[in-house]
Asks: 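Handing you this structure, nothing more for now.
By convention in this document, chain letters (A, B, ...) are assigned in the order of the sequence lines, proteins followed by strands, and residues within each chain are numbered from 1.
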Number of protein chains: 2
Amino acid sequence: MKKLINAPNSVVDEMMEGYAAAYPQYVRILPQNKRSIVSVNTARPGKVGIVIGGGSGHEPASLGLIGKGLADGVAVGNVFASPPPAPILEVTKEIHGGAGVVYLYGNYAGDCMNFDMAVELAGFEDIRVETVRVTDDVASAASSDQRRGIAGCFLVYKAAGAAANKGLSLDEVVRLASHANDSVRTMGVGLSPCYLPQTGEPSFTLGDDEMEIGLGIHGEPGVMRGPLQTADEVARILFDRIMEDMPMGTGERAAVLVNGLGSTPQMQLFIIYRSIAKLLEERGVQIHRSYVGEYVTSLEMGGCSVSIMKLDDELAELIDEPADCAMFVQV
Amino acid sequence: MKKLINAPNSVVDEMMEGYAAAYPQYVRILPQNKRSIVSVNTARPGKVGIVIGGGSGHEPASLGLIGKGLADGVAVGNVFASPPPAPILEVTKEIHGGAGVVYLYGNYAGDCMNFDMAVELAGFEDIRVETVRVTDDVASAASSDQRRGIAGCFLVYKAAGAAANKGLSLDEVVRLASHANDSVRTMGVGLSPCYLPQTGEPSFTLGDDEMEIGLGIHGEPGVMRGPLQTADEVARILFDRIMEDMPMGTGERAAVLVNGLGSTPQMQLFIIYRSIAKLLEERGVQIHRSYVGEYVTSLEMGGCSVSIMKLDDELAELIDEPADCAMFVQV
């Protein structure tokens, strides 16, 4: 796999340098730790701080999700590897506005360990930190608290970031972030692997005409492998699995995210979105808001995921809050 | 190449249906022509109308570039094929606010022919239409008016859309769009082809360790083929070629766009951006505004392009105008 890089060991630092240079109106890297990046508008006194993070290679997540109504800071790890506690702590100290901090991240063992250590270290600095782990990937475990976090992270970060931006208390932001996480489910389909910059190895292997349902964003095995089907059929498989886990029906409202995993063109994402919209309509579910594009990728992996968040009035209001970040392509 | 589609012949219509269903707050498809899509806020009386268009397969361009400060409507063709005059005319009639209309598109023979026919047809309806063709691709011809339009289209559309949104006259919008086009240069590098949905054929072939400088977004041959080099070296080749054609130096200001062609991860785009920013700094050129991401793609083609727009006060002001569209990933 050809890559436009200088050296495998420098990809993360050079990406961060490029990102900070491109968007000085949004972000700055901390001088004391170059894997720590924060909003230029932080810390806001009295506002609950939102810190997210995880391995890199998922851009625009997490790195790019800094801005108003989203995260105040991000601790960035190596490709597909958790950041250690130091950058997490540095970000926490920098963005802390006196009202406490929430750590939000996908539920992976390495992230849990490192963020938990940072919680402890922040405690020594008298900063109260609470944690909400995102567990939206239906395919990854039967028990919801053991599931991995994938594209649904975006919707949970958005809800929590909006709550913090409204000036709600730490307890309220944590409650709403947990409620957002409880209300979102994601199912993905992988078509082709990504290639790790340092090894050149594919994250998984799959036949020329095969797809794998439920494949993780680091190449973790899915739940079903078989011949590639039509977009409508793939969408139905993903949708049915989500609805089995979180039934929805007439009069309910949803936020829908069709997320590209890296190399799948927008054309295909909109074709999948079209199928999902029809399936929701058949059930009488109203689509309140839609997101189609690359939110949580896995380098150049092929495929997509579908996330559905069941919205009550509280969550609908948070999802509707304006937000702004450099994550996404600027106009 | 595996694709999440239903049938090769339906990809464009299904994409458009999905797009319109996802973003009803931005766009609607015209009932009289399903390849015609317009802003929900058009036609604004007294505002010069902006119509863009071209083949599909370049998403988010052109389809997605509808919104405030951008295009009022888009005529959408088949994959890599110009729209015929009918959808162009339908869009024109729909978005015309009485102050005339500007057609903006990349300079390709098919688009020129079809849009020119639509100009004539619009004349019969007493709608005055002027045309500005984007010719930013330095690699495509020695003479600037014979060049193709690629990612620089975005910057020209942005400038023209901003001018129209400010309420300027048709003559002024045309002058500024031409000035924007004269001020932007793009050079691209291709690493891997895209595969046309209907034939399954690659748009070009390239060795496993090769890159091609100046490759067009429909697979048109470039100007130099050779072994893949580092990001810094690739950036320098692209940058030098742009600067040969449009020299810039101390005290000048630029808008920079690093555009992904489809399957190249953001990580690599930011690494290329970092190199370009350093090269501009070495020349004493100030970066006024940056764009990094997928703007004009070629399905799942690998590689990127670098566009540089030389900004005077007029263009800087237009580039800074707020804009909003569904083109890009929503927050």
Asks: Can you see whether A/N41 engages A/Y26 through a side-chain donor-acceptor pair at a distance of less than 3.5 angstrom?
Replies: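 Absent: no donor and acceptor within the cut-off.
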Asks: Please look at B/D209 and chain A and tell me whether the side chain, the backbone, both or neither of the residue comes under 4.5 angstrom of a heavy atom of that chain.
Replies: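 For B/D209, the backbone is the part near chain A, not the side chain.
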Asks: Would B/S39 and B/D72 count as a side chain to side chain donor-acceptor pair (under 3.5 Å) here? Give the steps.
Replies: CA-CA 5 Å; B/S39 167; B/D72 296 288; 5.6 Å; no
Asks: Mark yes when over 12 heavy atoms from residues, nucleotides or ligands other than B/K2 sit less than 6.0 Å from its NZ; otherwise mark no.
Replies: yes
Asks: State whether the side chain of A/T297 and the backbone N or O of A/E59 hold a donor-acceptor pair below 3.5 Å, judged by distance alone.
Replies: yes
Asks: Aromatic contact between B/H58 and B/F80, with the criterion being ring centroids under 6.0 Å apart: yes or no?
Replies: yes
Asks: At a heavy-atom distance under 4.5 Å, which candidate from B/P24, B/A231, B/A20, B/A235 has the highest pair count against chain A?
Replies: B/A231
Asks: If you count heavy-atom pairs under 4.5 Å between each of B/T230, B/N6, B/I271, B/D324 and chain A, which one has the most?
Replies: B/N6
Asks: Can you tell which part of B/V234 gets under 4.5 Å to a heavy atom of chain A, answering side chain, backbone, both or neither?
Replies: side chain
Asks: Taking side chain as everything from C-beta outward and backbone as N, CA, C, O, which of these in A/D208 sits under 4.5 Å from a heavy atom of chain B? Side chain, backbone, both or neither.
Replies: backbone
Asks: Quick check on B/K158 against chain A: is it the side chain, the backbone, both or neither that has a heavy atom closer than 4.5 Å?
Replies: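 The side chain, not the backbone.
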Asks: Sort out for me which of B/V11, B/V189, B/L269, B/T264 touches chain A most, counting heavy-atom pairs under 4.5 Å.
Replies: B/V11
Asks: Just how far is it from atom CD of A/E14 to atom OH of B/Y273, taken to the nearest 0.5 Å?
Replies: 15.0 Å
Asks: Could you have a look at A/G69, A/G303, A/A7, A/S263 and say which one has the most heavy-atom pairs with chain B under 4.5 angstrom?
Replies: A/S263
Asks: If I measure from the heavy atoms of chain B, does A/V79 come under 4.5 Å with its side chain, its backbone, both, or neither?
Replies: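 Interface part for A/V79: side chain.
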Asks: Looking at A/M1, A/E210, A/E233, which one has more heavy-atom pairs under 4.5 Å with chain B than the rest?
Replies: A/E210
Asks: Which residues satisfy the salt bridge (Lys or Arg N to Asp or Glu O under 4.0 Å) test with A/E317, sequence neighbours excluded?
Replies: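 Scan of A/E317 (salt bridge (Lys or Arg N to Asp or Glu O under 4.0 Å), adjacent residues dropped) gives A/K166.
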Asks: What part of A/I287 gets closer than 4.5 Å to chain B, counting heavy atoms only: side chain, backbone, both or neither?
Replies: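 Neither part.
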Asks: Does B/F204 have any ring pair (Phe, Tyr, Trp, His ring centres under 6.0 Å) partners at least two apart in sequence or in another chain, and if so, which?
Replies: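 In terms of ring pair (Phe, Tyr, Trp, His ring centres under 6.0 Å), with neighbours along the sequence ignored, B/F204 is linked to no residue.
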Asks: Can you tell me which of A/M16, A/E17, A/K278 forms the most heavy-atom pairs within a distance under 4.5 Å of chain B?
Replies: A/E17
Asks: Examine whether an atom of A/L228 lies under 4.5 Å from a heavy atom of chain B, and if so say whether it belongs to the side chain, the backbone or both; otherwise answer neither.
Replies: side chain
Asks: Would you tell me whether B/N165 and B/E321 have side-chain atoms, one donor and one acceptor, within less than 3.5 Å of each other?
Replies: no
